[in-house]
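I have placed the structure first, in the form of structure tokens, so that the comments after it can refer back to it.
Below, chains carry the letters A, B, ... as their sequence lines are ordered, and counting in each starts from 1. These numbers come from a predicted model, not from an experiment.
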Protein chains: 2
Amino acid sequence: MKSPNDTVPKMSVHSQRGQCAKRLSILEAAAEVFCRQGFAGASIDEIASEACVSRQTVYNHYREKDNLFMAVVEDVMDRANAMLFSTLSSFPENPESLEDDLAAFAVRLSHNCICNQDGKFLRKLVLSEGERYPHLFESWRQHGPGKIGTALAALLSRLSRKGLLQIDDFDVAARQFLALVNADLQMSTLFGVTPTQAELESAARNAVRTFMRAYAPPPAQTNAPALRTA
Amino acid sequence: MKSPNDTVPKMSVHSQRGQCAKRLSILEAAAEVFCRQGFAGASIDEIASEACVSRQTVYNHYREKDNLFMAVVEDVMDRANAMLFSTLSSFPENPESLEDDLAAFAVRLSHNCICNQDGKFLRKLVLSEGERYPHLFESWRQHGPGKIGTALAALLSRLSRKGLLQIDDFDVAARQFLALVNADLQMSTLFGVTPTQAELESAARNAVRTFMRAYAPPPAQTNAPALRTA
DNA sequence: GACGTTTTAGACAATGGTGTCTAATTTTAC
DNA sequence: GTAAAATTAGACACCATTGTCTAAAACGTC
């Protein structure tokens, strides 16, 4: 229960620099090892050695293994969410070619949020440790994947209002867009293989082509009235 | 290295009955515990007690933890593959209503292969232990998910040849069908929640509707020539 | 250079797991 | 009923890991 950290040391602001670097180094190494070995399989010694830090330093910064794990998860979740919404903000608003722009967006999405190290980490850890730490990943579920659906739905609704797409249920369409982007990548991600840029682009093209075929408005040049206005 | 099993016991065929039950019980309990705790987090004691069997019996049947784990994985993989292809054989060949029949098929697929215990087990274990046992899951990858794509592609090509669908790339379409079926379920499966039957049916309907919109043949009743013949 | 803080290596007890062994008991086959 | 096989509980050595502790060393600041 008690730990050396309980006696708050009056550390000068400047001495934080070295400490901060160590903290970061530990966090990074711990993410690596937890991702590779899982919580139970990871040992503090391994983390310390991978962080080029003594074991005691790890215990100084994070009192116990559980605590370190939670800190790592929260760190990765924050980074992943930031990246997610940063990528989301690059969604094409006034596309020149909707298909091309959506495909480019899909590539960014899979590259920055799904196939990167953080994405891999979260998939693995949510699945393997999610039940043991129900509240830990819950906030991520709500603020990350939970929100990306509605956020993407809102963006799709704008395109729909411009007449570039014809969508009846935006939430469903958003989930389907994400699912289609993943369709060709799932085998790779499941087995930890990082797809090449070419594979990413091919997957995105396939996804967007099908998405557009399903949700493209009827080719009403001038004469044909829209078959259905949702 | 050496174990009691090395001195092959000349067991009569009949004495297998009790043994067989124990083996099965151990296998089942081990699957449960490995799935819940992961390989490193699972203890033989816990498995033995969950199987209502002494620890020594576990060691008698499977020499070591590694061995038990591999036996469990192979067992689950076999069951999952059998179920996969059994479900696949119920793919609508001469559909009355293609949309309804495809949706019913999608429900069967998600219910029997994705949302069941074996599906959960394999997702979890492939992801968390796949890198540690590269060859173990490799055969599953080839014979399971690797083949379902091509098998489903073949079935889709039949529907396409009958003029019920218009598909240019059958492999892509097959992957997309699977992805769409999962679109609404991924959040649930990721967090270990088993979807209700109603959710399954809703997800299937959404998936099939979009799939059909993307791949339905042009409504060439009699007059309109097909816009594109792939 | 002196001070306080952080880091380090190493030893340490406590714990929990694996895999082995034994001796007693139960099950099963004939 | 008897003999062989399987099962059981318990003890055991061994090892890895967690988390603590200490004394020495390195570091940064004044």
Side-chain angles (χ1 to χ4, degrees), chain A residues 1-27 29-30 33-34 36-72 129 132, chain B residues 1-27 29-30 33-34 36-72 129 132:
Chain A
M1 279 296 173
K2 293 208 66 175
S3 84
N5 272 9
D6 284 356
T7 64
V8 183
K10 26 180 170 163
M11 46 181 157
S12 75
V13 180
H14 302 81
S15 75
Q16 284 257 6
R17 198 162 290 153
Q19 261 193 87
C20 208
K22 298 261 178 207
R23 273 187 91 90
L24 258 290
S25 171
I26 293 170
L27 224 50
V33 175
F34 279 134
R36 203 184 328 129
Q37 320 262 51
F39 177 79
S43 86
I44 303 283
D45 282 23
E46 195 172 350
I47 291 170
S49 112
E50 191 139 327
C52 299
V53 143
S54 85
R55 176 171 67 252
Q56 188 58 41
T57 304
V58 178
Y59 281 106
N60 284 347
H61 284 279
Y62 309 90
R63 292 195 314 280
E64 50 194 1
K65 196 183 177 184
D66 255 293
N67 207 16
L68 173 59
F69 180 70
M70 294 195 288
V72 168
E129 319 287 351
R132 190 183 317 282
Chain B
M1 280 296 175
K2 291 209 70 177
S3 85
N5 272 11
D6 284 358
T7 63
V8 184
K10 25 180 170 162
M11 45 180 158
S12 73
V13 179
H14 302 81
S15 75
Q16 284 259 5
R17 198 162 291 153
Q19 263 194 86
C20 208
K22 299 260 179 207
R23 274 186 90 92
L24 259 290
S25 172
I26 294 169
L27 224 49
V33 176
F34 279 135
R36 200 179 337 125
Q37 320 262 51
F39 177 78
S43 86
I44 302 283
D45 282 23
E46 195 173 351
I47 291 170
S49 111
E50 189 140 329
C52 298
V53 143
S54 84
R55 176 171 68 251
Q56 187 59 41
T57 303
V58 178
Y59 281 107
N60 283 347
H61 284 278
Y62 308 90
R63 291 196 312 281
E64 50 192 5
K65 196 182 176 183
D66 254 294
N67 207 17
L68 172 60
F69 180 70
M70 293 196 287
V72 168
E129 318 287 352
R132 192 183 315 284

Run the side chain to side chain contact (heavy atoms under 4.5 Å, CB included) test on B:Y59 and B:I44 for me, step by step, so that the C-alpha distance in whole Å, both residues' side-chain angles and the decisive distance to 0.1 Å come before the verdict.
CA-CA 9 Å; B:Y59 281 107; B:I44 302 283; 3.6 Å; yes
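In this structure, the CG atom of A:D45 is 9 Å from the C1' atom of D:dA16, given to the nearest Å. The OH-C1' distance, from B:Y59 to C:dT22, rounds to 17 Å in whole Å. Rounded to an integer number of Å, the gap from B:K22 NZ to C:dT27 C1' is 9 Å. Taking atom CD1 of residue B:I47 and atom C1' of nucleotide C:dT18, one finds them 12 Å apart after rounding to whole Å. Whole-Å rounding puts the B:R55 CZ to C:dT18 C1' distance at 8 Å. Rounded to whole Å, the distance from CG on B:L68 to P on C:dT18 is 10 Å. Across the protein-nucleic acid pair, B:N60 atom CG and D:dT8 atom P stand 9 Å apart, rounded to whole Å. In this entry the distance linking CZ of A:R23 with C1' of C:dT6 reads 14 Å, nearest Å.
Between A:V53 and A:I47 the shortest side-chain heavy-atom distance does not fall below 4.5 Å. In this structure the side chain of A:E64 never reaches within 4.5 angstrom of the side chain of A:L68, judged on heavy atoms.
Considering only side-chain atoms of B:S54, the nucleotide from D:dT7, C:dC21, D:dG19 that sits closest is D:dT7. Nearest to the side chain of B:Q56, among C:dT20, D:dG19, C:dG17, sits C:dT20.
Put simply, A:H61 has a side-chain N or O that comes within less than 4.0 Å of OP1 or OP2 on C:dT7. Using a 4.0 Å cut-off, no side-chain N or O of B:T57 falls inside it from OP1 or OP2 of D:dT7.
At least one cation-pi condition fails for A:R132 and A:F69: the charged atom is not both under 6.0 angstrom from the six-membered ring centre and inside a 45 degree cone around its axis.
The main-chain N or O of A:S43 is never found under 3.5 Å from a side-chain atom of A:K65 such that the two would form a donor-acceptor pair. At least one donor-acceptor pair under 3.5 Å links the side chain of B:E129 to the backbone N or O of B:F39.
One end of the helix from C:dG1-D:dC30 to C:dC30-D:dG1 points its axis 40° away from the other end's axis, with each axis taken from 5 pairs and the angle rounded to 10°.
Taking a cutoff of 4.0 Å between a charged side-chain nitrogen and a carboxylate oxygen, A:R55 and A:E46 do not qualify as a salt bridge.
Across all strands shown, B:A42 has heavy atoms under 4.0 Å from sugar-phosphate atoms exclusively, and none from any base.
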